[in-house]
Asks: 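This is the structure I want to talk about, given as structure tokens.
Order of the sequence lines sets the chain letters (A, B, ...), proteins ahead of strands, with each chain counted from 1. Here the structure is a predicted model, which is why all the values come from computation and not from measurement.
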2 protein chains.
Amino acid sequence: MNTTPPNLPSQPPVNGGSASASGTSPTFSPLYQQIKALITQSLQAGEWKPGELIPSEVDLATRFKVSQGTVRKAIDELAAENLVVRRQGKGTFVATHHEARAQFRFLRLMPDAGEPHSADNKILDVKRLRAPSEVARILDIKAGDSVVCIKRVQSFDGAATIVEEIWLPGSIFKGLTAERLSEYKGPMYGLFESEFGTRMIRASEKIRAVAADEATAQLLGTVTGTPLLSVERTSYTYGDKPVEVRRSLYLTDRHHYQNELS
Amino acid sequence: MNTTPPNLPSQPPVNGGSASASGTSPTFSPLYQQIKALITQSLQAGEWKPGELIPSEVDLATRFKVSQGTVRKAIDELAAENLVVRRQGKGTFVATHHEARAQFRFLRLMPDAGEPHSADNKILDVKRLRAPSEVARILDIKAGDSVVCIKRVQSFDGAATIVEEIWLPGSIFKGLTAERLSEYKGPMYGLFESEFGTRMIRASEKIRAVAADEATAQLLGTVTGTPLLSVERTSYTYGDKPVEVRRSLYLTDRHHYQNELS
DNA sequence: AAGTGGTCTAGACCACCCC
DNA sequence: GGGTGGTCTAGACCACTTC
């Protein structure tokens, strides 16, 4: 019945032919993973910008010379990793931080009662300086390279709740000033994405309980020694490249850090 | 070419025929979701016990009168939710807490340096009493119903690090005694699974920073007022039924709570 | 060799969205 | 009506495990 072998096109599309045709193929990976990698590269290269529509599954299948099902599986994984968003009937879109949906993906602090709120930001300081060795190590740059250091306080319902220091590689965030930060409405990651072409896609946090020092206590309107949640976050962009170190202190008398284990 | 319509068997298998055949079908859900629900019911009913092999995809496809691809998609989601584990060439197994793999899914406290360790547990107290109203509310039982309350301290490398109270519905954990808890080797959720037929599949945590009271400080070998991580966990079994309330205090001077945001 | 999950294809139909 | 993603099927072949 079937006269045309399904996996042997005259021009091998992605793999070097059938997987086991040449005996041991040391660097073999499934087709859909290769397609996924190719799409990720296009995302990273900015071929499609955040918020934009990417080509349809059929188009991509044609481009990569694979079946729609294979493209579908690749996009399924990208959607599971929040790199793209599927919308039935419309298409697949590049994920963006400019959505209500994505706001609380990286801010897990919730009010003990009531609905989540939008934060009121107060920028205390923006400095450019040479990277301290530990920050340099985490950002994977050389100690002494230029970094931007932002200090700010966030308030919810008028109550100061978060004080944090944010360290960014100076090479990427060149024109970042206190003015641009202050006047920007919306989440900081949205600014990074729109103005500096750097999209955070993943973060890792280490959480501890610490006592407030005097300066922090004053900023948060509390007393020295108050227990605070210390959150050390490292954020990554495409290719697991670290692009942010953030050291936050959360006042948790009326808020809590919400985490789902599954 | 195709004379047999693909979606119209003489005996409708699961749905009431094709989705749009009878006009508006108010309670429609995809086939694979229905299959997933059926498999979940079998898991819940104990048709296949934790660690056991479930029927192959072909068998399940035959049983439910659907294609293998539909069963596959159902199992894919169950695997993503950690209810089952796929193993190529062997089959699909019911997930169990008796695996090194699953140990650190619910314990996110990691040492600042060095490898994770096995904990040394010390049971302080096991009591049966009437549920306080707040515990009853969370466990979805009546205030005053019987509950088991466990108090224990966990040490890592000889250093007391976690002190916690665990509240369980008395109706489920009938024969639970301090002896059985103390003599049991391995994670507590493994005991719950094997001895009481209740498998935790999901948990939700609220994290805060608090100051150690005198009793807690003494148990942890520190001083009153030391900042501690307060973790309030609610655990759920099949059907989102709450079956555990756990109030833990973590000493985070040599450990941290690790969390991945993605 | 037989059985399992894993990949890939081709084609059908559906639900949703927009023109 | 035409395009998009979402579901479902049928069949092929592959990789891995076990006998």
Side-chain angles (χ1 to χ4, degrees), chain A residues 1-9 12-15 17-26 28-36 52-62 64-80 84-93, chain B residues 1-9 12-15 17-26 28-36 52-62 64-80 84-93:
Chain A
M1 297 294 182
N2 193 358
T3 54
T4 58
N7 215 356
L8 285 175
V14 183
N15 267 329
S18 181
S20 58
S22 56
T24 58
S25 54
F28 168 76
S29 82
L31 243 190
Y32 76 88
Q33 290 285 4
Q34 303 175 40
I35 304 299
K36 180 184 169 190
E52 286 181 7
L53 189 62
I54 78 171
S56 76
E57 296 177 353
V58 207
D59 288 352
L60 290 170
T62 306
F64 297 130
K65 302 231 172 57
V66 298
S67 78
Q68 184 183 356
T70 301
V71 171
R72 164 163 287 274
K73 183 148 187 180
I75 296 182
D76 277 347
E77 291 204 353
L78 293 174
V84 299
V85 176
R86 291 172 165 294
R87 293 203 218 176
Q88 184 173 107
K90 302 176 83 170
T92 301
F93 298 79
Chain B
M1 295 294 182
N2 193 357
T3 55
T4 58
N7 215 355
L8 284 174
V14 183
N15 268 328
S18 182
S20 60
S22 57
T24 57
S25 54
F28 168 75
S29 84
L31 243 191
Y32 76 89
Q33 289 285 5
Q34 303 175 39
I35 304 299
K36 181 184 167 190
E52 285 181 8
L53 188 64
I54 77 170
S56 76
E57 296 177 353
V58 206
D59 287 353
L60 290 170
T62 306
F64 296 129
K65 300 229 174 60
V66 298
S67 80
Q68 184 184 354
T70 300
V71 171
R72 164 163 286 275
K73 183 148 188 180
I75 295 182
D76 276 346
E77 292 205 351
L78 294 173
V84 298
V85 176
R86 290 171 165 295
R87 293 201 215 179
Q88 183 175 103
K90 302 175 82 169
T92 302
F93 297 79

Asks: Just wondering, do Ile75(B) and Leu60(B) contact through their side chains at under 4.5 Å, heavy atoms?
Replies: yes
Asks: Please figure out whether Arg86(A) or Gly89(A) has its closest DNA chain D nucleotide nearer the 5' end.
Replies: Gly89(A)
Asks: Does a side-chain N or O from Arg72(B) land closer than 4.0 Å to OP1 or OP2 of dG6(C), or not?
Replies: yes
Asks: To the nearest Å, give me how far apart CG (Leu53(A)) and P (dC17(C)) are.
Replies: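 It is 15 Å, rounded to the nearest whole Å.
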Asks: Quickly work out the Ile75(B) CD1 to dC8(D) C1' distance and round it to whole Å.
Replies: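 Value for this atom pair: 16 Å.
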Asks: Does dG3(D) have its OP1 or OP2 closer than 4.0 Å to a side-chain nitrogen or oxygen of Ser56(A)?
Replies: no
Asks: Which of these nucleotides, dC8(C), dG6(D), dC8(D), is closest to any side-chain atom of Thr70(A)?
Replies: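 When the side chain of Thr70(A) is considered, dC8(C) is the closest of dC8(C), dG6(D), dC8(D).
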Asks: Round to the nearest Å and state the distance from Lys65(B) atom NZ to dC8(D) atom C1'.
Replies: 17 Å
Asks: Without decimals, in angstroms, what is the distance between Tyr32(A) OH and dA15(D) C1'?
Replies: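 Checked: the OH to C1' distance equals 13 Å.
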Asks: Mind checking Glu57(A) for me? I need base, sugar-phosphate or nothing, with any heavy atom below 4.0 Å counting as a touch.
Replies: sugar-phosphate
Asks: Report the residues that fulfil side chain to side chain contact (heavy atoms under 4.5 Å, CB included) with Gln88(B), sequence neighbours left out, ordered by chain and then residue number.
Replies: none
Asks: Please report the distance, rounded to the nearest Å, between CG in Leu60(A) and C1' in dT4(D).
Replies: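 Answer to the nearest Å: 12 Å.
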Asks: Would you please confirm or rule out a distance under 4.0 Å between OP1 or OP2 of dG5(D) and any side-chain N or O of Thr92(A)?
Replies: yes
Asks: Please report, rounded to the nearest Å, how far the C1' atom of dA15(D) is from the CG atom of Leu31(A).
Replies: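 Between C1' of dA15(D) and CG of Leu31(A): 15 Å.
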Asks: In the structure I gave you, are the side-chain heavy atoms of Leu53(A) and Thr92(A) within less than 4.5 Å of one another anywhere?
Replies: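 Contact flag for Leu53(A)/Thr92(A) side chains = no.
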Asks: Round to a whole Å and report the spacing from CZ of Phe28(B) to C1' of dG6(D).
Replies: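 The answer, rounded to whole Å, is 10 Å.
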Asks: In whole angstroms, how far is the P atom of dG6(C) from the CD atom of Gln68(B)?
Replies: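 These atoms are roughly 10 Å apart.
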Asks: Closest nucleotide of DNA chain C for Gln88(A) versus for Gly69(A): which of these residues is on the 5' side?
Replies: Gly69(A)
Asks: Does OP1 or OP2 of dT7(C) have a side-chain N or O of Lys73(A) closer than 4.0 Å?
Replies: yes
Asks: Just jot down the side chain to side chain contact (heavy atoms under 4.5 Å, CB included) partners of Lys36(B), sequence neighbours excluded, or say none.
Replies: Gln33(B), Thr40(B), Ala74(B), Glu77(B), Leu78(B), Glu81(B)
Asks: Arg87(A) near the nucleic acid: base, sugar-phosphate alone, or nothing, with a heavy-atom cut-off under 4.0 Å?
Replies: sugar-phosphate
Asks: Nearest to the side chain of Lys90(A), which nucleotide is it out of dC8(D), dC17(C), dG5(C)?
Replies: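 Taking heavy atoms from C-beta onward, the closest nucleotide is dC17(C).
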Asks: Side chains of Arg86(A) and Glu57(A): does their closest heavy-atom pair fall under 4.5 Å?
Replies: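 Sidechains of Glu57(A) and Arg86(A): in contact.
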